[in-house]
Asks: 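The structure under discussion is supplied below as structure tokens; questions concerning it will follow.
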Amino acid sequence: MLFLQLPLLLALLVGGDNEQNKNSVPEAPQTPFSFQGLQISSFANRSWTRTDGLAWLGELQPYTWRNESDTIRFLKPWSRGTFSDQQWEQLQHTLLVYRSSFTRDIWEFVEKLHVEYPLEIQIATGCELLPRNISESFLRAAFQGRDVLSFQGMSWVSAPDAPPFIQEVIKVLNQNQGTKETVHWLLHDIWPELVRGVLQTGKSELEKQVKPEAWLSSGPSPGPGRLLLVCHVSGFYPKPVRVMWMRGEQEEPGTRQGDVMPNADSTWYLRVTLDVAAGEVAGLSCQVKHSSLGDQDIILYWNGNHVSRGLIVILVLLVFVLLFVGGLVFWFRKHRRYQDIP
Ligand SMILES: *[C@@H]1O[C@H](CO)[C@@H](O)[C@H](O)[C@H]1NC(C)=O
Ligand SMILES: *[C@@H]1O[C@H](CO)[C@@H](O)[C@H](O)[C@H]1NC(C)=O
Ligand SMILES: *[C@@H]1O[C@H](CO)[C@@H](O)[C@H](O)[C@H]1NC(C)=O
């Protein structure tokens with residue numbers, strides 16, 4: 001998948017130049033930008049079923065559609081995009097008809113092809129806007145967690161190692177010209193128009209940039225004579241970030257990256273560690289690249305004085321205990337003095 005940075009994308013749409021130099025130092029990561037819808041359908045048995053829908057734009061989720069509801073819920077003030085009420089009604093109606101016929105069709109397939117309950121079906125569809133105003137859409141389906149079929153051009157095709165009964169399903173689906181035209185319309189007209197519109201109405205939130213803070217600490221020693229250097233990067237948005245332990249201009253090969261974790265304020269946190277011999281820490285630095293920083297990378301040098309967080313907590317506790325004991329001693333002395341007054 002090709003993710004594009006939004007500002008870059010907009011620059012391209014108005015005819016900018018995207019030639020990027022290929023340096024040995026990695027580029028700042030790009031903001032992911034694609035529209036992705038997911039349908040999750042569970043069939044526990046012949047009588048119990050539900051279908052839920054979700055959609056993302058990059059990291060944000062502007063739409064949800066629960067089984068209990070007949071309408072798509074807008075989760076963002078800009079979810080409507082530039083579609084008119086009439087366009088939304090038409091889309092909503094199409095999807096509602098689709099949802100009930102999908103459920104019916106699955107029941108029929110199950111009966112005809114003797115498939116066993118319970119069933120899990122996931123359908124992913126979406127669109128990416130590429131340079132030069134080109135868009136690329138997709139729709140694929142998974143059965144029991146395995147890719148089984150997709151829509152290509154104007155027909156349904158089977159995934160490479162789909163179970164044999166999928167051929168039967170595809171034969172039936174490909175005979176239905178009306179459905180194929182509707183899917184084609186969704187993929188080639190509706191998704192790109194929806195995304196272009198939402199890009200305009202949600203511009204400020206989609207383009208949000210929050211700069212990271214970074215600090216160093218030492219972790220538990222990995223072994224005798226070795227140090228674990230930890231580079232913490234927190235509070236950044238959007239999610240893509242590049243954090244490296246460097247020796248001069250070279251990235252240290254032993255760099256280990258953790259998972260990017262969410263902070264409570266919808267920004268992100270990442271820690272990147274380096275296991276290094278205690279004698280080899282001179283000249284090491286942690287370098288942070290993020291779209292919010294432009295080309296002003298954060299660079300923190302290891303100077304050997306970074307204590308571990310645990311130690312800081314213990315020191316702070318110790319100070320509190322000392323202050324408390326000191327206060328008690330002071331209070332007792334003062335108190336005794338008054339009592340001592342004859
Ligand atoms: C169907 O599945 C649901 C949910 O698991 C369950 O509560 C219900 O009893 C099942 N019904 C039958 C007829 O097996
Ligand atoms: C999901 O929606 C369908 C159609 O409205 C309904 O028949 C079904 O009972 C719902 N499923 C659950 C689990 O609520
Ligand atoms: C991009 O393509 C869409 C649909 O083909 C069209 O409506 C729109 O005006 C185009 N935008 C630009 C900037 O060319």
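Atoms within a ligand are numbered from 1 in the order they appear, just like the ligands themselves. No experiment lies behind these values; they were computed from the predicted model shown.
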Asks: Can you confirm whether or not the ring centre of Y237 sits under 6.0 Å from the ring centre of W268?
Replies: no

Asks: Suppose we measure from atom 13 (C) of ligand 1 to each protein heavy atom; which comes out shortest, and what is that distance?
Replies: S47 OG, 4.0 Å

Asks: Check for a donor-acceptor pair, side chain of Q92 on one end and backbone N or O of I72 on the other, with a separation under 3.5 Å.
Replies: yes

Asks: Report yes if some N/O of N67 lies less than 3.5 Å from some N/O of ligand 2; otherwise report no.
Replies: yes

Asks: Is the number of heavy atoms from other residues, nucleotides or ligands within 6.0 Å of CD (Q86) greater than 12?
Replies: no

Asks: Under a 4.0 angstrom heavy-atom cut-off, which atoms of ligand 2 come close to T49?
Replies: 1 (C), 8 (C), 10 (C), 11 (N), 12 (C), 13 (C)

Asks: Flag the pair F102 / W107 as yes when their ring centroid distance falls below 6.0 Å, and as no otherwise.
Replies: no

Asks: Distance under 4.0 Å to a non-hydrogen atom of W48: what atoms of ligand 2 satisfy this?
Replies: 13 (C)

Asks: Evaluate the 4.0 Å heavy atom contact test for atom 4 (C) of ligand 2: does a protein atom fall under the cut-off?
Replies: no

Asks: To the nearest 0.5 Å, tell me how far W302 CH2 sits from L229 CG.
Replies: 4.5 Å

Asks: May I ask you to identify the nearest protein heavy atom to atom 14 (O) of ligand 1, giving residue, atom name and distance to one decimal place in Å?
Replies: N45 ND2, 3.2 Å

Asks: Between Y63 and F35, how do the two ring planes meet: parallel, tilted or perpendicular, split at 30° and 60°?
Replies: perpendicular

Asks: With heavy atoms under 4.0 Å as the rule, classify the contact between T103 and ligand 2 as side chain, backbone, both or neither.
Replies: neither

Asks: Does atom 9 (O) of ligand 1 have a protein non-hydrogen atom under 4.0 Å from it?
Replies: no

